[in-house]
Number of protein chains: 2
Amino acid sequence: MKSNQQEPNAGVKEIARRAKVSIATVDRVIHNRAGVSPKTKIKIERIIQELNYQPNILARRLASRKILNFAILIPAVSGETAFWEAPLAGIQQAEEEIRQFGIKIDRYLFDMNSKASFVKQSKAILKSKVDGILMAPSFIEESITFTNQLKEKNIPYVFINSDIPNQESLCYIGPDLFHSGYLSAHLMKYCIQPKDKILIVNVSHEIENHHHLLRKEEGFRAYFANNDKRILKIDIRQTNDRAVEKKVAETLAENTNVKAIFVTNSRVSNVAHYLETTGRADDYLLVGYDFLKENIAYLKKGVIDFLICQKPQEQGYKGIMALYQHLVHSAPVEKVSFMPIDIITKENYEFYRN
Amino acid sequence: MKSNQQEPNAGVKEIARRAKVSIATVDRVIHNRAGVSPKTKIKIERIIQELNYQPNILARRLASRKILNFAILIPAVSGETAFWEAPLAGIQQAEEEIRQFGIKIDRYLFDMNSKASFVKQSKAILKSKVDGILMAPSFIEESITFTNQLKEKNIPYVFINSDIPNQESLCYIGPDLFHSGYLSAHLMKYCIQPKDKILIVNVSHEIENHHHLLRKEEGFRAYFANNDKRILKIDIRQTNDRAVEKKVAETLAENTNVKAIFVTNSRVSNVAHYLETTGRADDYLLVGYDFLKENIAYLKKGVIDFLICQKPQEQGYKGIMALYQHLVHSAPVEKVSFMPIDIITKENYEFYRN
DNA sequence: CTGAAAGCGCTTACAG
DNA sequence: CTGAAAGCGCTTACAG
């Protein structure tokens, strides 16, 4: 009864011996390379099955001096927000871990407020020698154009931070935006009175393109579904600090029964700045997004009450590792990996890992 | 000016060539093995410096068929709590990732309520061939005895879940208990009235030994420092479900102005069960610990309001990886790695990763 | 104290 | 379509 026993560590040599071929031929079928007669191919494949052959990745990477090139396509860090520093840090962390395996990473950063720069960088990637891509599909149409070309060339790509469904990405790694809005609403409900009104603030140059803000708003509203009249909202498209604060000031002046403010992105710091300088920090419950230095400063002072975070660093890290698992280990990759919805307060921010 | 340039990928061969010795000798000094004359040793060391030699770990692990044995010493999953499932899962995840590198992991589980079983398992580890240890130092004195023996044998050990300072562990990976209590107090303050009283509940067979409960209580009290009289507390040493519920029932009956309950470990489910079956779930704010199935069930129903979690799975994972980094890559390891203090609610539990 | 040689499990030209 | 041989960068006996 020795038939079905899996030899523990049988390698190419053993396979070759059993198939009565050379290991070069075994290698050819393992990698699905041309130049093997169907007959011997089938024979070898069967033996691989029987032996439950697991390639030794160490030996593989050592022998093949081939280098894999990954490309990153994400927004550059800007004066408006340092958010994208974190994914970049995660990417670098992953890079250091897998450098040994012959992975090189090229970074292509675009301007969050410019579709043209996105397109330009995506073209540059297509011109380069690239085996896999990690990208933030910030601009929907432009991203689809890009990924269609990647599909043709059979280059895998991973989405982070926001998703475009049905685009055959290797996977999506990032927040469930709807639920993060929903959670924010839940936290607020704990802390305010039934009669208090709530203000939602969206700040973005391109609210329609940066659709993820709207997803959060939807989630937030869904929680309060049955009495939506408590909720006011403003969209601010002029994104410099002064413009944002001015608009917020006007709105609050007109709506004195607002007691809680929900800012759908990291620009919560602008609202915090306004509340602090006008001495009204204690009058509002303030909830916003992202573990950024300025936001944390306001959290510390009690101006911001809760920050919702979604591990941007881990998004970068896991995104790279997904490409690595897929390309180096041919391992299966989870299609969607939602980040946890983390609640950061004055008391736990010190222990938060982005 | 070619002197100080670092050859990109110089290996043992190049070192040997420059030192005019064989690569075997180079290998000897790289691994600090005996049998090299001081003179050639110094010469080789200098060249290693100059070249900024980085060993190729792939080749190393491939050539050396040496196997590293790690031992795990943590509590067994028990009827009282499934908490230790999570670290075990993290350990297994790490195991799968580094198996390729020749790491084997042996598990030694002890009974949380029995010092004797801890001692027995630690002795078994000492008898085995072991290169590194991951342990939960649940019993302080017994742990110190054990680690003293490990120190003699020069075997590195990592603490998880609770720390014993100054024991020269390779590192500690786990919660900052004081701060997690402090955070709990903060959450409560948001949600209750100034006149409401708060009940702290400690449940453990060995409250003195399981000192970590007391650390959380300290942190909690510290937050309310200035009006401690709001706080009541009970220690429950009989840990079967019925005994716990009975004691809680009595205490609440005697103190009708209690509006919030803080349970310092996963036994919050017992309190939740009591509140639910007596139809008083809505009368209390209930905060406790750990992402366990039963706790989540009560969170979903709104009986438990907040759960504090500290990534037990990640503790296991990171603990193993720390040993791996130290032993395989000789990489430096952070002495203390506090886990984030995560706040879990009805709205975000689905996205939590332990 | 030192070195020559074989081998880890693969891949890569090269030759036929 | 197939195989023999060299090599990836190390480590491990073994011999001297």
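Quick note on labels: first sequence line is chain A, next is B, and so on, each numbered from 1. Atom set for the values below is all heavy atoms of this structure, side chains included, hydrogens, waters and symmetry mates excluded. In this text, all values refer to a predicted model and were calculated from it rather than measured experimentally.
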For a side chain to side chain contact (heavy atoms under 4.5 Å, CB included) with Tyr157(A), tell me which candidate from Ser169(A), Ser143(A), Pro137(A) qualifies. Ser169(A)

Shorter than 3.5 Å, N or O on both sides, protein versus nucleotides 4-8 of chain D: list them out with atom names.
from	atom 1	to	atom 2	distance (Å)
dC8(D)	O2	Ala63(A)	N	3.2

Atom CD of Gln100(A) and atom C1' of dG9(D): how far apart are they, to the nearest Å? 12 Å

Lys43(B) NZ to dC1(C) C1', straight-line distance once rounded to whole Å: 13 Å

Is Glu97(B) atom CD crowded by more than 12 heavy atoms from other residues, nucleotides or ligands, each under 6.0 Å away? yes

To the nearest 0.5 Å, what is the distance between CD on Gln315(B) and CG on Asn161(B)? 5.0 Å

Are the side chains of Val12(A) and Tyr53(A) in contact, using a 4.5 Å heavy-atom criterion? yes

Given the rule that a pair is Watson-Crick or G-U wobble with both distances under 3.5 Å, how would you write DNA chain D in dot-bracket, using | for pairs to a different strand? |||.||||||||.|||

Parallel under 30°, tilted from 30 to 60°, perpendicular over 60°: which one fits the rings of Phe118(B) and Phe139(B)? perpendicular

Please report, rounded to the nearest Å, how far the P atom of dG9(D) is from the OH atom of Tyr53(B). 10 Å

If I take atom CZ in residue Arg60(B) and atom P in nucleotide dT12(D), what distance separates them, rounded to the nearest angstrom? 10 Å

Between Lys41(A) (NZ) and dC1(D) (P), how many Å, whole number? 11 Å

Hey, what's the ring geometry for His329(A) with Tyr324(A), parallel, tilted or perpendicular (30° and 60° as the breaks)? perpendicular

Evaluate the salt bridge (Lys or Arg N to Asp or Glu O under 4.0 Å) criterion for residues Arg18(A) and Glu14(A): first the C-alpha distance (whole Å), next the side-chain angles of each, then the deciding distance (0.1 Å), finally the verdict. CA-CA 6 Å; Arg18(A) 296 201 185 197; Glu14(A) 175 65 10; 2.8 Å; yes

What closest approach, in Å, do Gly35(A) and Arg28(A) show between heavy atoms, and which atom pair accounts for it? O-CD, 4.2 Å

Look at the side chain of Lys153(B) and the backbone N and O of Leu126(B), then say whether any donor-acceptor pair between them is shorter than 3.5 Å. yes

Using a cut-off of less than 4.0 Å, is there contact between a side-chain N or O of Thr25(B) and OP1 or OP2 of dT2(C)? no

Measure from NZ on Lys20(B) to P on dT2(C) and round the result to the nearest Å. 15 Å

Give the rounded distance in Å between these two atoms: CD1 of Ile42(A) and P of dC1(D). 13 Å

Which atoms form the tightest heavy-atom contact between Ala322(B) and Leu170(B), and what is the distance? O-CD2, 4.0 Å

Provide, to the nearest angstrom, the distance between the CD1 atom belonging to Ile15(A) and the P atom belonging to dG3(D). 14 Å

Among residues 30-39 of chain A, which ones have heavy-atom contacts with DNA chain D below 4.0 Å? Gly35(A), Val36(A), Ser37(A)

Does Lys129(A) have more than 12 heavy atoms from other residues, nucleotides or ligands lying within 6.0 Å of its NZ? yes

